[in-house]
Amino acid sequence: VMDAAPGARVALGFRASFTGTGISREDIGRAAREGRLEQELDWLEVRAGQNIFVPAGTVHAMGAGLTICEIQQHCDITYRLYDYGRLDRGQLRELHLDRALDVMAGDRGLAPGAGIVALPFRGQYFQVEQWAAESGSAREVTAGHWVILDGEGTIGGQRYQPRQVWRIFAPA
């Protein structure tokens with residue numbers, strides 16, 4: 001979470017009271033079609049600097065007031081269960097209820113390990129770490145993708161600034 005307004009939230013899975021002893025595909029589909037799926041999600045208040053792991057199969061959403069740096073496995077698949085407020089404005093994007101329900105994790109849409117995590121963090125396909133450079137210091141940068149959260153400087157003689165993403169092919 002790069003920036004978060006007071007009260008900003010992220011949803012991970014469904015509320016236990018919605019799923020109870022189990023939830024059917026029909027229950028989720030009905031909630032989505034009736035425009036109430038957002039209220040059935042389990043919302044977690046977040047703040048800047050926190051890191052959230054969302055494993056595959058986890059039903060998730062990002063609320064208002066957030067700037068998120070999303071690191072993910074390269075994949076062109078998004079299954080949309082709900083389209084926040086667009087139904088009311090006649091701008092509904094395609095929903096993928098059946099496909100989403102086919103890959104949804106567990107009975108609450110929550111895969112093991114989902115939630116706030118500390119850095120460094122290693123997932124099955126990636127790792128994330130954070131470090132801070134001292135003003136005027138030098139450090140060798142290893143190959144990988146680097147996301148600049150704040151500050152300015154140079155990498156390999158080229159200037160960087162906040163909110164840039166760099167792909168480093170060799171140590172610099």
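Just so we're clear, the structure is a prediction, and the values are computed from it rather than from any experiment.
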Original post:
Does Gln161 offer a backbone N or O that forms a donor-acceptor pair with the side chain of Gln164 under 3.5 Å?
Top reply: yes

Subject >> Step-by-step side-chain contact (heavy atoms from CB on, under 4.5 Å) determination, Trp146 to Tyr160 >> reply: CA-CA 10 Å; Trp146 288 80; Tyr160 68 78; over 6 Å; no

**OP:** Identify the heavy atoms of Pro162 and Gly151 that sit nearest to each other, and give their distance.
**Re:** CD-O, 3.2 Å

Subject >> Taking every non-hydrogen atom, the tightest pair across Gly65 and Ala8 >> reply: O-CB, 3.9 Å

Original post:
Do the side chains of Leu12 and Leu110 get nearer than 4.5 Å, heavy atoms only?
Top reply: yes

Subject >> Spatial distance of atom CG (Asp3) from atom CD1 (Ile68) [nearest 0.5 Å] >> reply: 9.5 Å

Original post:
Side-chain contact, heavy-atom cut-off 4.5 Å: Val59 with Phe14?
Top reply: yes

**OP:** For Glu152, look at atom CD and say whether over 12 heavy atoms of other residues, nucleotides or ligands are found less than 6.0 Å away.
**Re:** yes

Original post:
What distance do Met62 atom CE and Ile52 atom CD1 have between them, rounded to the nearest 0.5 Å?
Top reply: 10.0 Å

**OP:** Report yes if the side chains of Leu119 and Glu129 come closer than 4.5 Å at any heavy-atom pair, otherwise no.
**Re:** no

Subject >> Nearest-0.5 Å distance that lies between atom CD1 in Ile71 and atom CD in Gln127 >> reply: 11.0 Å

**OP:** Could you check Arg30 against Asp27 for salt bridge (Lys or Arg N to Asp or Glu O under 4.0 Å), going step by step and ending with a plain yes or no?
**Re:** CA-CA 5 Å; Arg30 186 172 30 262; Asp27 293 334; 2.8 Å; yes

Original post:
So, the side chain of Trp43 versus the backbone of Glu38: is there a donor-acceptor pair under 3.5 Å, distance only?
Top reply: yes

Original post:
Does any N or O in the side chain of Arg47 come within less than 3.5 Å of the main-chain N or O of Pro6, such that one atom is a donor and the other an acceptor?
Top reply: no

Original post:
Do Arg9 and Glu45 pass the salt bridge (Lys or Arg N to Asp or Glu O under 4.0 Å) test, and can you show the C-alpha distance, the side-chain angles, and the key distance before you say yes or no?
Top reply: CA-CA 4 Å; Arg9 303 177 309 160; Glu45 195 165 318; over 6 Å; no

Original post:
Are Phe53 and Val46 joined in one hydrophobic group, where the rule is that I, L, V, M, F, W and Y side chains link up if heavy atoms are under 4.5 Å apart?
Top reply: no

**OP:** Find out if a path of hydrophobic residues (ILVMFWY) with successive side-chain heavy-atom gaps under 4.5 Å connects Trp131 to Ile148.
**Re:** yes

Original post:
Which atom pair, heavy atoms only, marks the closest approach of Met2 to Ala48?
Top reply: O-CB, 3.5 Å

**OP:** Give a yes or no on whether Tyr125 atom OH has more than 12 heavy-atom contacts from other residues, nucleotides or ligands under 6.0 Å away.
**Re:** no

Subject >> Distance-minimising heavy-atom pair for Ala111 and Ala56 >> reply: CB-O, 3.6 Å

**OP:** Among Val103, Leu101, Asp98, Asp102, find the one that has a side-chain contact (heavy atoms from CB on, under 4.5 Å) with Tyr79.
**Re:** Val103

Original post:
Any chance CZ of Arg122 has more than 12 other-residue heavy atoms, nucleotides or ligands included, within less than 6.0 Å?
Top reply: no

**OP:** Evaluate the criterion side-chain contact (heavy atoms from CB on, under 4.5 Å) for residue pair Ile28 and Met104; output intermediate values, then yes/no.
**Re:** CA-CA 11 Å; Ile28 296 171; Met104 185 179 81; 3.7 Å; yes

Subject >> Sub-4.5 Å side-chain heavy-atom contact between Val1 and Asn51 >> reply: no

Original post:
Closest approach of Trp166 and Arg159, non-hydrogen atoms and distance?
Top reply: CZ2-O, 3.2 Å

Original post:
Step by step, would you call Arg163 with Thr67 a side-chain contact (heavy atoms from CB on, under 4.5 Å)?
Top reply: CA-CA 11 Å; Arg163 305 213 173 168; Thr67 302; 3.8 Å; yes

**OP:** Determine the minimum heavy-atom distance between Ile116 and Gln50, stating which atoms define it.
**Re:** CD1-NE2, 3.3 Å

Subject >> Heavy-atom check, side chain of Thr142 versus side chain of Pro171, under 4.5 Å >> reply: no

Subject >> Inter-residue atom distance Asp42.CG - His60.NE2, 0.5 Å rounding >> reply: 14.5 Å

